[in-house]
Visitor: 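Below: one structure in structure tokens.
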Amino acid sequence: APDKAYGTKNDYKQFIDECHKQGIAVIQDLVLNHSYGSSPLVRMYFANGKPTVQNPWYNVTSNIQNTSLQFGYDFNHDSPYTRKLVDSIASYWMSEYKIDGFRYDFTKGFSNTPYANRSDSDYWASSFDTARIFNLKRMSSEVWKRKPNAYMIFEHLTNNTEETTLANYGDILWGNMNHAYNEATMGYNSDSKLSEISYKNKGWGYPNRMGYMESHDEERLMYKNITYGNSAGTYNIKDTLTALQRMELASTFFYTVPGPKMLWEFGELGYDISINQGGRLSDKAPKWEYYANPNRKHLYDITAALIKLRLQEPVFSTTNFMIRDSGNIKTIQLNLGDSSVFIMGNFDVNSLDYTFTFPSAGTWYEFFTGNTLNLASTLTTLTLKPGEYRMYSNVKLQGTPPAPLTGTVVLTNDNSTSFRIFPNPFSSQINIESQEGIQGIDICTIQGSLIKKVKETDISCVNTSDIQPGFYLLVANLKNGGKIVKKIVKY
């Protein structure tokens, strides 16, 4: 959503133009269920702490009695004045800013149907609402008159009968999968119904479920992994490396499912600061240094490889697929013509033997390792380690996955005595003293791009005259396979 803190209107236009050059659509978030007292539309017809009955755009009170679903002052979406306002707002963003579509906040509020505390479904305004359907279809049609390929995304979260009607009309519905995927990443599989991410599982005719594992309203998966993760013996999901590997497992069962997906910021690096730290709406620190952590970068590379497969391989857009998620071993099968993909993962905290039913016998290629599996029949028993995931295909998939991780990453703090950098900040050189066995130094941007390599023989005094002033990461590559990462600053 726009905010003056991000820059000027021309900055935003330039940003959108640059996105379009890169093939990236820009979707505007709009909150048209309600607004607050600073709105001139509220203030022009306002008395006794609420809009008056003469207000052409607002209800006097919300049609929903549940105070958890009341925000500011409630727009009257049955009013012709509100409808004209809603249409003109969308038209303006598309014509003036070349916006490609919209995500509408809390669309279950877009009617005047009264929702009283009569039953659980009514209390949460989720039962089928004919007036609401009419208003939303009308709104979508008006947008599509102006831009036929515009994205219309609703944070709706009602009963499936209503969402099915909208999905089959062409609207995209917000699909909250945070709980199910987090239960799976933490190793608690009794309530991890990953199949709910499938539009087919909901009976929709079109792939219009916008699935997400994390959002601005939901807790970070990694935070809960390292805080509440399950364990067995030496396998402990609270360990950061193991928690990151569980994120790779979940990602393999997320991006491969046909239909649109949302990736929340830094989720591809295992962001692990709680959404509630400092208050839910507080600023959260960006973690650019995560790119230099090989474990986190490996999750990033797995995520990138999976998204690239979605773009390159038609089988990941098939309508012929099935998710089996009833136990600790979960599978996805996708078929398109003669091509088949068979994905398996162990969401338990113990190694498991499992008899899989492949789509066909013959040679199968495992994407992440490059190994082949020759099957005389469709049935075969395999052992999967805890958190292990595999993706087999009967035709080799395009792309090269990241190499498996080796060694242990060691992140030292600035007070470490076994590894010392001085001066820092620095100007023309860096001196390094270390009790660790170091085989070389990499200096990287904060985003993780390599700009300088230093051999083992030259690490005690590193010439930095060829580096521009700025913030960097110094990565010491240890002889035991581990790494030490420190922030450095050149002035």
Side-chain angles (χ1 to χ4, degrees), residues 1-44 57 71-73 75 81-107 110 139-155 171-172 174 210 212 214-217 260-269 271 280-291 304 307 311 445-449 451 468-472:
D3 190 292
K4 61 181 178 294
Y6 302 146
T8 67
K9 64 179 183 180
N10 287 334
D11 291 336
Y12 191 26
K13 290 179 178 181
Q14 182 181 2
F15 169 80
I16 293 169
D17 287 343
E18 290 299 324
C19 286
H20 287 167
K21 289 177 185 177
Q22 300 296 327
I24 300 171
V26 179
I27 296 169
Q28 186 74 27
D29 188 23
L30 292 179
V31 182
L32 297 179
N33 171 74
H34 55 274
S35 61
Y36 292 90
S38 60
S39 169
L41 303 181
V42 172
R43 294 168 71 112
M44 283 191 289
W57 302 287
F71 314 98
Y73 301 102
F75 272 112
Y81 301 98
T82 300
R83 291 173 179 173
K84 188 140 184 110
L85 175 67
V86 167
D87 297 342
S88 65
I89 288 172
S91 179
Y92 175 80
W93 281 112
M94 290 187 290
S95 61
E96 183 71 14
Y97 285 83
K98 302 179 184 178
I99 285 292
D100 300 288
F102 303 96
R103 180 266 187 189
Y104 291 90
D105 186 74
F106 193 67
T107 51
F110 282 36
M139 191 172 72
S140 296
S141 295
E142 289 298 321
V143 168
W144 291 329
K145 283 180 186 177
R146 294 160 175 80
K147 192 165 192 171
N149 61 345
Y151 297 97
M152 293 293 286
I153 305 171
F154 296 154
E155 184 198 28
D171 297 308
I172 298 170
W174 212 237
M210 175 69 79
Y212 57 89
E214 298 176 319
S215 79
H216 65 292
D217 284 328
K261 303 290 178 290
M262 184 179 77
L263 167 61
W264 187 236
E265 51 199 31
F266 285 101
E268 73 278 18
L269 291 163
Y271 194 86
R280 176 158 292 224
L281 299 180
S282 68
D283 289 345
K284 303 298 188 293
K287 289 290 185 178
W288 301 111
E289 65 269 25
Y290 280 178
Y291 284 97
I307 293 173
L311 297 174
T445 66
I446 288 294
Q447 289 77 21
S449 299
I451 61 170
Q468 296 296 316
F471 293 85
Y472 298 94

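None of these values were measured; they are calculated from a predicted model.
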Visitor: Tell me the closest heavy-atom pair linking Gly37 and Val42, and the distance in Å.
Guide: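 Shortest heavy-atom separation between Gly37 and Val42 comes out as CA-CG1, 4.4 Å.
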
Visitor: What I'd like to find out is whether the side chain of Glu18 reaches to under 4.5 Å of the side chain of Ile24, using heavy atoms alone.
Guide: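 In short, these two side chains do not touch, never coming nearer than 4.5 Å.
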
Visitor: Checking ring pair (Phe, Tyr, Trp, His ring centres under 6.0 Å) against Trp288, which of Phe471, Tyr271, Phe266, Tyr472 comes through?
Guide: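 Running ring pair (Phe, Tyr, Trp, His ring centres under 6.0 Å) over Phe471, Tyr271, Phe266, Tyr472 with Trp288 returns exactly one hit, Phe266.
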
Visitor: With the threshold set at 4.0 Å, does a side-chain nitrogen-carboxylate oxygen contact exist between Glu265 and Lys284?
Guide: no

Visitor: Any side-chain to backbone donor/acceptor pair from Ser95 onto Ser91? Under 3.5 Å, distance only.
Guide: yes

Visitor: I want to check something: taking the side chain as every heavy atom from C-beta on, are Met210 and Phe154 in contact at a cut-off of under 4.5 Å?
Guide: no

Visitor: For the side chain of Arg83 and the backbone of Met139, is there at least one donor-acceptor N/O pair under 3.5 Å apart?
Guide: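 Flag not set: sc Arg83 to bb Met139 has no pair under 3.5 Å.
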
Visitor: Any salt bridge linking Lys147 with Asp100? Criterion: basic side-chain nitrogen under 4.0 Å from a carboxylate oxygen.
Guide: yes

Visitor: Is the backbone of Thr8 close enough, under 3.5 Å, to the side chain of Asp11 for a donor and an acceptor to pair up by distance?
Guide: yes

Visitor: Check whether any side-chain N or O of Thr107 sits under 3.5 Å from a backbone N or O of Glu155 as a donor-acceptor pair, and report yes or no.
Guide: yes

Visitor: Do the non-hydrogen side-chain atoms of Leu41 and Ser35 ever get within less than 4.5 Å of each other?
Guide: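 Leu41 does not reach Ser35 side chain to side chain.
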
Visitor: Do the side chains of Ile153 and Tyr104 get nearer than 4.5 Å, heavy atoms only?
Guide: no

Visitor: List the steps and the verdict of side chain to side chain contact (heavy atoms under 4.5 Å, CB included) for Arg146 and Glu142.
Guide: CA-CA 7 Å; Arg146 294 160 175 80; Glu142 289 298 321; 3.2 Å; yes

Visitor: Tell me which pairs pass ring pair (Phe, Tyr, Trp, His ring centres under 6.0 Å) where either residue lies in residues 11-40, with sequence neighbours left out.
Guide: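 The answer is Tyr12-Tyr97, His34-Tyr36, His34-Phe71.
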
Visitor: Taking all non-hydrogen atoms of both residues into account, name the closest pair between Arg43 and Ser38 and its distance.
Guide: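 Closest approach of Arg43 to Ser38, heavy atoms only: CD-O, 3.9 Å.
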
Visitor: Answer yes or no: are there more than 12 heavy-atom neighbours, outside Asn149 itself, under 6.0 Å from its atom CG?
Guide: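 It does: Asn149 CG has more than 12 such atoms within range.
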
Visitor: Tell me, yes or no, whether the heavy-atom count around Lys84 atom NZ, taken from other residues, nucleotides or ligands under 6.0 Å, exceeds 12.
Guide: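 Result for NZ/Lys84: open.
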
Visitor: Within a strict 4.5 Å, meaning less than it, do heavy atoms of the Asn33 and Phe110 side chains meet?
Guide: yes

Visitor: Flag yes if more than 12 heavy atoms outside Gln468 fall under 6.0 Å of its CD atom; otherwise flag no.
Guide: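 No, not enclosed.
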
Visitor: Let's go through Val86 and Leu30 carefully: what are the C-alpha distance in whole Å and the side-chain angles of both, what is the deciding distance for side chain to side chain contact (heavy atoms under 4.5 Å, CB included) to 0.1 Å, and is it a yes or a no?
Guide: CA-CA 10 Å; Val86 167; Leu30 292 179; over 6 Å; no

Visitor: Is the shortest heavy-atom distance from the side chain of Leu32 to the side chain of Ile89 under 4.5 Å?
Guide: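 Yes, side chains in contact.
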
Visitor: Evaluate the side-chain proximity of Pro2 to Gln28: yes if any heavy-atom separation is below 4.5 Å, no if none is.
Guide: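 Contact flag for Gln28/Pro2 side chains = yes.
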
Visitor: Quick one: pull up CD1 in Ile16 and CH2 in Trp93 and give me the separation to the nearest 0.5 Å.
Guide: 7.5 Å

Visitor: Would you sort out whether Val31 and Phe106 count as a side chain to side chain contact (heavy atoms under 4.5 Å, CB included), showing the intermediate values?
Guide: CA-CA 8 Å; Val31 182; Phe106 193 67; over 6 Å; no

Visitor: Could you tell me which non-hydrogen atom of Leu85 sits nearest to which non-hydrogen atom of Ser88, and how far apart they are?
Guide: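 Shortest heavy-atom contact: O-OG, 2.8 Å.
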
Visitor: Within this structure, what is the OG-CD1 distance for the pair Ser140 and Ile172, rounded to the nearest 0.5 Å?
Guide: 10.0 Å

Visitor: I'd like to check Val143 versus Met152 (side-chain heavy atoms, cut-off strictly below 4.5 Å). Are they in contact?
Guide: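 Of all side-chain heavy-atom pairs linking Met152 with Val143, at least one is under 4.5 Å.
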
Visitor: So which heavy atom on Gly267 is nearest to which on Glu214, and how close?
Guide: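 For Gly267 versus Glu214, the nearest heavy atoms are CA-OE1, 3.6 Å.
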
Visitor: As a quick check of understanding, evaluate side chain to side chain contact (heavy atoms under 4.5 Å, CB included) for Tyr151 and Phe102, giving each step before the final call.
Guide: CA-CA 6 Å; Tyr151 297 97; Phe102 303 96; over 6 Å; no

Visitor: Under 3.5 Å, is there a donor-acceptor pair between the Trp174 and Tyr212 side chains?
Guide: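 Distance-only check passes for Trp174 and Tyr212.
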
Visitor: Please round to the nearest 0.5 Å and tell me the distance separating atom CZ of Arg103 and atom CG of Asp29.
Guide: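 Separation between the atoms: 4.5 Å.
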
